[in-house]
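Written below as C-alpha cells is the structure these notes are about.
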There are 2 protein chains.
Amino acid sequence: MKQSRGLIWLYGLALALGALVLQWLDYLYTVRRFSTEIGIVIVAALFTALGIWTGNRLTRSRIAPDFEKNTQALSALGISEREDQVLELLAKGLTNQQIADHLFVSLNTIKTHLSHLYQKLEVSNRTQAIHKARALRLIA
Amino acid sequence: MKQSRGLIWLYGLALALGALVLQWLDYLYTVRRFSTEIGIVIVAALFTALGIWTGNRLTRSRIAPDFEKNTQALSALGISEREDQVLELLAKGLTNQQIADHLFVSLNTIKTHLSHLYQKLEVSNRTQAIHKARALRLIA
DNA sequence: CAGGTCATCACCCGAACGGGTGATTGCGCG
DNA sequence: CGCGCAATCACCCGTTCGGGTGATGACCTG
C-alpha cells in the first residue's frame, strides 16, 4: 500500500519534470535556434531513461511484495486457520511435539491437523507438504 | 545464456526501430509540416514505452538467475557433491527410499549421507535440514 | 433444533526416520 | 606405499511420523 502510494507520487513528479523539459526545449527552439534533431534525441534519451526507471519501479513493486500469504489458495484448498499455523511451524523444521508445545495443544491434535493438511495438499508426508506449500506460496 | 542472448537481439531491434521512427518524424516535419510539439510528444511517448519495456526486461533478467547455488557455503560446510544431490532431492519431498532409487544406491547409503548432512548443517532431522539449507541458499 | 465445520484429544499400528557402529572399495596426496 | 576421505552398504535400536478410527465440545447456519 505504502509503496504504491509512493510510486504514484514519484511518477507524477516525473511527469511534471517531463513537462518542464518540454517547455525548456521549446524555449531553446525559439530563442537559441537549436537543431530539431538534437532536441528530439535529447527528448528520446530523457524519456528512455524515464521509462527504464518507471519500469524498474513497476517491476520491483510487482515482484517484491508478491507473497502476501495468498488467501486464495488457502481458502480454495479449504485450509483452516489452525491448520495454516501448523503448516507454518512445520516449515520451520519443528517436530510434531514442538509444534504442539508452541500451540499449547496435544501431540495428537497436531497429528490430526497434519493429516487434514496432507489430504488437502494431496501429499503423504511433511517434506512433500513443505515443498507443495512453498510452490503454492502458502508459506514465506 | 539463451535469455540474455535474446535480450541483446531484442534491444538492438528496438534501437533500430527507434532510428526508423526518428527518420519518419523527420520526413513528417519536412513534407507534412507537422507541429514540433506534437512530434516531441510522440517521441516522448514512444521512448517512454521503450524504456519501460527494456527496464522490465533488464530487471527480469537481473532477478531471475539470482540464486546461483552458492558454492561458498557448500565448501565452507564441507558438503560433498553426493551429499548435495541428496539434499536437493530431500528438499523435493522425496522419502529416503525414493532418493535411493533416484541415485541408484541403497537406502542405507542415503541414510549415511543424511547423517553426515545433519552433522554438517547442525540439525537433527530432515525438515530442519530443509529449512537451514534454504536459509543458506544451498537449494533453489 | 438439526446438521455441518472446526478444534480438540485418544488409541493403535505400520512405516519412515535418526543414530550408532562397522566394513569395504576407490581415489588422491604426501 | 600408507594415509585420509568419499562413497557405498549392512545391522540394530529407539524415536518420530503417518493413517485410521472414534469421540467430545463449541460454533455457526439454515
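The sequence lines fix the lettering, A, B, ..., with proteins before strands; numbering per chain opens at 1. This is a predicted model, so every value here is computed, not measured.
- The CD1 atom of A/Ile110 sits 14 Å away from the C1' atom of D/dG18 (whole-angstrom rounding).
- The two atoms that bring A/Gln128 and A/Asn125 nearest to each other are N-OD1, 2.9 Å, heavy atoms only.
- Residues passing the salt bridge (charged side-chain N to carboxylate O under 4.0 Å, His left out) test with A/Lys92, sequence neighbours excluded: none.
- Contact annotation: A/Tyr118 reaches the phosphate of D/dG18 (side-chain N/O to OP1 or OP2, under 4.0 Å).
- Judged by distance alone, with hydrogens and angles left aside, the side-chain atoms of A/Lys132 form no donor-acceptor pair with the main-chain N or O of A/Glu122 at under 3.5 Å.
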I'd like a table of atom pairs between the protein and nucleotides 7-16 of chain C - only N or O on both sides, under 3.5 Å - with the distance next to each one.
{"residue": "C/dA7", "atom": "OP1", "partner": "A/Ser80", "partner atom": "OG", "Å": "3.3"}
{"residue": "C/dA7", "atom": "OP1", "partner": "A/Arg82", "partner atom": "N", "Å": "3.2"}
{"residue": "C/dA7", "atom": "OP2", "partner": "A/Ser80", "partner atom": "OG", "Å": "2.5"}
{"residue": "C/dT8", "atom": "OP1", "partner": "A/Arg82", "partner atom": "NE", "Å": "3.1"}
{"residue": "C/dT8", "atom": "OP1", "partner": "A/Arg82", "partner atom": "NH2", "Å": "2.8"}
{"residue": "C/dT8", "atom": "OP2", "partner": "A/Arg82", "partner atom": "NE", "Å": "3.1"}
{"residue": "C/dT8", "atom": "OP2", "partner": "A/His113", "partner atom": "NE2", "Å": "2.8"}
{"residue": "C/dC9", "atom": "OP2", "partner": "A/Ser106", "partner atom": "N", "Å": "2.5"}
{"residue": "C/dC9", "atom": "OP2", "partner": "A/Thr109", "partner atom": "OG1", "Å": "2.8"}
{"residue": "C/dC9", "atom": "O5'", "partner": "A/Thr109", "partner atom": "OG1", "Å": "3.4"}
{"residue": "C/dC9", "atom": "N4", "partner": "A/Thr112", "partner atom": "OG1", "Å": "3.0"}
{"residue": "C/dA10", "atom": "OP2", "partner": "A/Ser106", "partner atom": "OG", "Å": "3.2"}
{"residue": "C/dA10", "atom": "OP2", "partner": "A/Asn108", "partner atom": "ND2", "Å": "3.2"}

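- Between A/Leu117 atom CG and D/dC17 atom C1' the separation is 14 Å, expressed in whole Å.
- No side-chain heavy atom of B/Ile110 sits less than 4.5 Å from a side-chain heavy atom of B/Leu89.
- Scanning all heavy atoms of the two residues, the minimum distance from B/Ala91 to B/Ile139 falls at CB-CD1, 3.6 Å.
- Judged as a side chain to side chain contact (heavy atoms under 4.5 Å, CB included), and not counting sequence neighbours, A/Ser115 has no contacts.
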Which donor-acceptor pairs under 3.5 Å do the side chains of residues 95-102 of chain A make with protein atoms, sequence neighbours left out?
{"residue": "A/Thr95", "atom": "OG1", "partner": "A/Gln98", "partner atom": "N", "Å": "3.3"}
{"residue": "A/Asn96", "atom": "OD1", "partner": "A/Arg126", "partner atom": "NH2", "Å": "2.1"}
{"residue": "A/Gln97", "atom": "NE2", "partner": "A/Asp101", "partner atom": "OD1", "Å": "3.2"}
{"residue": "A/Gln98", "atom": "OE1", "partner": "A/Thr95", "partner atom": "N", "Å": "2.9"}
{"residue": "A/His102", "atom": "ND1", "partner": "A/Gln98", "partner atom": "O", "Å": "3.1"}

Heavy atoms under 4.0 Å is the rule here; annotate nucleotides 25-30 of chain C 5' to 3' with B where the base is hit, S where only the sugar-phosphate is, and - elsewhere. ------
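- Each end of the helix from C/dC1-D/dG30 to C/dG30-D/dC1 gets its own axis, taken as the rotation carrying the C1' atoms of four end pairs onto the next four within a five-pair window, and the two axes meet at 50° to the nearest 10 degrees.
- Linking Ile, Leu, Val, Met, Phe, Trp and Tyr residues whenever their side-chain heavy atoms come within less than 4.5 Å leaves B/Leu87 and B/Leu107 in two separate clusters.
- Distance, B/Ile99 CD1 to D/dA7 P: 15 Å, rounded to whole Å.
- The 5' end of DNA chain D is approached more closely, in terms of each residue's nearest nucleotide, by B/Lys120 than by the other of B/Lys120 and A/Leu114.
- The distance from atom CD of A/Gln119 to atom C1' of D/dT21 is 13 Å, rounded to the nearest whole Å.
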Residue pair A/Val123, A/His131: steps toward the side-chain contact (heavy atoms from CB on, under 4.5 Å) verdict: CA-CA 10 Å; A/Val123 297; A/His131 193 238; over 6 Å; no
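- Heavy atoms only, all atoms of each residue included: A/Asp84 and A/Leu138 are closest at OD1-O, 4.3 Å.
- A/Leu103 and A/Leu114 fall within the same hydrophobic cluster, where Ile, Leu, Val, Met, Phe, Trp and Tyr residues are linked whenever their side-chain heavy atoms come under 4.5 Å apart, directly or through other members.
- Here the P atom of nucleotide D/dT16 and the CG atom of A/Leu90 are 16 Å apart, to the nearest Å.
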